[in-house]
Amino acid sequence: MIFQSIGSQFRAPDMWRHLTAHASRDSSTKLTHTLEATFGGKAFLYQNGRSALAAALTQIALDHPGASVAVNGYSCFVVQEAVHAAGLTPVFLDIDPNALHFSGDTLAKALTENTDIKAVVVQNTLGIPCDIETIERITTKRNICLIEDLAHSAGLRYGDGRAAGSVGAFVILSFGRDKLLDTVSGGALIVRQSTDTSKLPQHELLAPLGTRLRDRLYPFFTWIARMLYPIKVGGVLLRGLLWTKLISRSASGSINPSYTMPAWQAECALYRLKELDHDIGRRKALQEIYQERLPSLIVADTPVRVSIMVKDRAAVLRALRAHHYYLDDIWYDSPIGPRRLYPSVAFPESRCPHAVYAAEHIINLPTHVSVDKTTARHIAQIIAEEEA
Ligand SMILES: *Cc1c(COP(=O)(O)O)cnc(C)c1O
């Protein structure tokens, strides 16, 4: 029984650590300092990654009110939501199918066509390095602000050997559910350029107690639901938890840059950061196993999930489900995911054919802690047989 999501990054000990984590007085300061030492610059903590991104974009809006922001045309709903929250307009760039990310060429063309674009967000989709060298050359030449969104790629090395988060003027981290640094929620902004940060949205308040409690209990509730899944009760419980809002749906939280991360969560984030390199190594080993049977998968440097295009996705998912591998939660099954929020996005499908194709054909192979090598081999085998 393997799920892609539903708290799968929390085995019993992780769940317990999250549930009982308590802050020392300087946990948040320690996290801030760690991020500053890692990325260089000034770090700020937020309730989630989208709020950190919105805060960065608010800074850009000070100099360029109403400007446009180039974003990946294959991404999470919250990215374009953050752009709107800052009063700016997203411009979706189609992806290079081998990178799930826009290329330098696509960016250059967009900048020529649309001189309102004043910032670019790169995101190393699913841990696959983007062509940062070309993108950086273009943004530097045209004096466009470069933002690195590391929600999928904390710990990544670009093709030229540089660390992710060492290039952009702003760096965003997400500590959200199913991310590499999963503490259920939380985010950070690192301002790497020397700017006046006095106008950054303030970040001293805590989210309402109910929200914080829900984030604290999420690994516990989902752990129980996963345990009870084999006797059907788990599925019912999960629906009940969603219905009573004891757990929230992904991408459903709001943007509020005035909320900070609670200190106990900062303590959890410090732990995830300490374990990050080891965790990436473990994920890469699983990726290699998948690759033995599925040579066409897209190789990632921080495989938060492993991406592969399949011919008949419905059939593959059905075959996996028959073996109790529930991999239906997909990044992304619409050009802007999750699908339930897609209708509210004005997405230019005709200009982003590669993103539309990827959304129809991609599946994600899990690399979280509950997956061992035998399981990975079995999953790869099922897919290879289904696709043969
Ligand atoms: C998840 C995600 C974020 C931030 O998400 P939060 O849930 O707000 O922490 C930002 N960018 C991308 C590409 C993401 O997938």
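Below, each value reflects all heavy atoms present in this structure, side chains not excepted, and no hydrogens, waters or symmetry copies.
Side-chain atoms of Ser174 never come within 3.5 Å of backbone atoms of Gly187 as a donor-acceptor pair (strictly under, hydrogens ignored). Side-chain atoms of Asp94 come within 3.5 Å of backbone atoms of His354 as a donor-acceptor pair (strictly under, hydrogens ignored). Within the 3.5 Å criterion, the main-chain N or O of Ala207 finds a donor-acceptor partner in the side chain of Arg212.
Between Arg283 and Asp279, at least one side-chain N (NZ, or NE/NH1/NH2) sits under 4.0 Å from a carboxylate O, which counts as a salt bridge. Under 4.0 Å is where a charged nitrogen must lie from a carboxylate oxygen, and between Arg305 and Asp329 at least one such pair does. Contact check on Asp333 versus Arg339 returns a salt bridge, with a Lys/Arg side-chain nitrogen under 4.0 Å from an Asp/Glu carboxylate oxygen.
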Show the numbers, then the answer: is there a side chain to side chain donor-acceptor pair (under 3.5 Å) between Arg142 and Thr112? CA-CA 10 Å; Arg142 306 204 187 204; Thr112 303; 3.3 Å; yes

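Between the side chains of Thr29 and Thr32, no donor-acceptor pair of N or O atoms lies under 3.5 Å. Side-chain contact, Asp196 with Ser198: a donor N or O sits under 3.5 Å from an acceptor N or O. Asp96 and Ser103 form no side-chain donor-acceptor contact under 3.5 Å, judged by distance and modelled atom types alone. Under 3.5 Å, the side chains of Asn72 and Ser75 contain no donor-acceptor pair of N or O atoms.
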Return a table of donor-acceptor pairs under 3.5 angstrom between the side chains of residues 213-220 and protein atoms on other chains or two or more places apart.
{"residue": "Arg214", "atom": "NH1", "partner": "Lys245", "partner atom": "O", "Å": "3.3"}
{"residue": "Asp215", "atom": "OD2", "partner": "Ser185", "partner atom": "OG", "Å": "2.7"}
{"residue": "Arg216", "atom": "NH1", "partner": "His18", "partner atom": "O", "Å": "3.0"}
{"residue": "Arg216", "atom": "NH1", "partner": "Leu19", "partner atom": "O", "Å": "3.4"}
{"residue": "Arg216", "atom": "NH1", "partner": "Ala21", "partner atom": "O", "Å": "2.7"}
{"residue": "Arg216", "atom": "NH2", "partner": "Ala21", "partner atom": "O", "Å": "3.0"}

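Looking only at side-chain heavy atoms (C-beta outward), Ser370 and Arg11 come within less than 4.5 Å of each other.
Remark: Ile379 CD1 to Ile2 CD1 distance equals 6.0 Å, nearest 0.5 Å. One distance of note links SG of Cys130 with CD of Glu136; it measures 10.5 Å at 0.5 Å rounding.
Contacts classified as ring-ring contact (aromatic ring centres under 6.0 Å, His included) and involving residues 135-171 (residues at least two apart or in different chains) are given here: His152-Trp331.
Tyr271 carries Arg17 over the face of its six-membered ring, with the cationic atom under 6.0 Å from the centre and within 45° of the normal.
A side chain to side chain contact (heavy atoms under 4.5 Å, CB included) with Leu365 is found for one member of Val371, Leu320, Val306 and no other, namely Val306.
Within 6.0 Å of CG in Asp63 there are more than 12 heavy atoms belonging to other residues, nucleotides or ligands.
The aromatic rings of Phe3 and Tyr326 sit parallel, their planes meeting at an angle under 30°, below the 60° perpendicular limit.
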